[in-house]
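Note that these values count all heavy atoms, side chains included, but never hydrogens, waters or copies made by symmetry. One-based numbering, in listed order, for ligands and for the atoms of each.
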Amino acid sequence: MHTLAKADFIDIFVKKILAPRNLNYKIMFCGPTGTNAIEAALKLARKNTKRENILAFSGAFHGMSLGSLSITTDKLSRRGAGIPLTNVTFVPFETSDFNSINYIRNILDDDHSGIELPAAIVLETVQAEGGINVASVKWLKEIRKICDEYGILLIVDDIQVGNGRSGNFFSFERASIIPDIVVVSKSISGFGLPMSILLVKPEYDIFKPAEHNGTFRGNQLSFIGAKAAIEFFINNKLDEQTIKKGQIIEEVLRTRITNQDYRLRHRGIGMIWGIDFSMIDSTMALKCVHAAFENGLILEVAGRKDSVLKIMPPLTIEEKILKEGLAILEKCIKNVLS
Ligand code: PLP
């Protein structure tokens, strides 16, 4: 239905987020969760290209419904499907030692590769659940180029690292690439209200009315929150704040945490960071999570064997509290290491 809340959100999103970035997308409101928009993106790519295969990356996480699970890699989640998850080709992500660009070109060029031309390449520019793997600008540009050359749609899943998390509103901005489809959810609504949207280049917007429908598409309260969040983002220059606070996190990680043991590694961007324990003992990451919780700090684990401690504070956190949290983290890691 058309409502004022919806119109106001569309208005501010188009004028203040899309237009200044020269992004011309149609907006599709999906069911309330991220995974629903991923399903819509996959359907739309397949419908546009009349192809079945999708190319996704090892370490990816895209959600828990069947289409999303088919492009998600962790075994535990995939087993939940209970049926074969098919029509997807996985390629190692950039941050492995493997040259994925050469490999993708190879399988696309080789008429004996046994791999069908995909409808879409789907990626997170920063694999979050996969262990905070940040794709380089060069790699992202190469992927865009491959998509252009072979007529493949590029889908960017910005559910977790969009909405300002990486320092720009969209995580792909740093690479100056324009995906064909962008999936946005989670923080778009400002404060945990259910909302997910698909941004689609107009030429690919070919769903017929109600072809991908659902009862709870476009939650009215979420629109109000989303509009307020965009106003807050702009009025408080949240992008600049995120970069500044990200530098604070990086400095603490570099000078007080990963220097405690030469086998520790840190990586991240904006306000999503990880500390990789895999070269010492993967179980240490979870031990740090428990130790931190005892001290009033909530952290998560991510990545292979849960070996990466995930640091993801709210973008609105005050510097003083951020520094307190990092001090707790430093102490906990020291204790666990010793
Ligand atoms: N894609 C990414 C990158 C995510 O991080 C998530 C959730 O964590 C999803 C998709 C799925 O979103 P939802 O849990 O809202 O279905």
Open item on the list: What does the 4.0 Å heavy-atom contact list look like for ligand 1?
Closed with: T33, G34, T35, F61, H62, G63, E124, D157, I159, Q160, K186
Open item on the list: Looking only at the side chains, is there a donor atom on one of Q260 and E330 sitting less than 3.5 Å from an acceptor on the other?
Closed with: no
- [ ] On the 0 to 90° scale, with breaks at 30° and 60°, tag the F9-F223 ring pair as parallel, tilted or perpendicular.
- [x] parallel
TODO: Check whether any side-chain N or O of D276 sits under 3.5 Å from a backbone N or O of S278 as a donor-acceptor pair, and report yes or no.
DONE: yes
Open item on the list: Between S222 and N219, do the side chains contain a donor N or O and an acceptor N or O under 3.5 Å apart?
Closed with: yes
Task: Over 12 foreign heavy atoms within 6.0 Å of CD, Q220 - done: yes
TODO: Would you please classify the geometry between the F207 ring and the H212 ring as parallel, tilted or perpendicular, with 30° and 60° separating the classes?
DONE: parallel
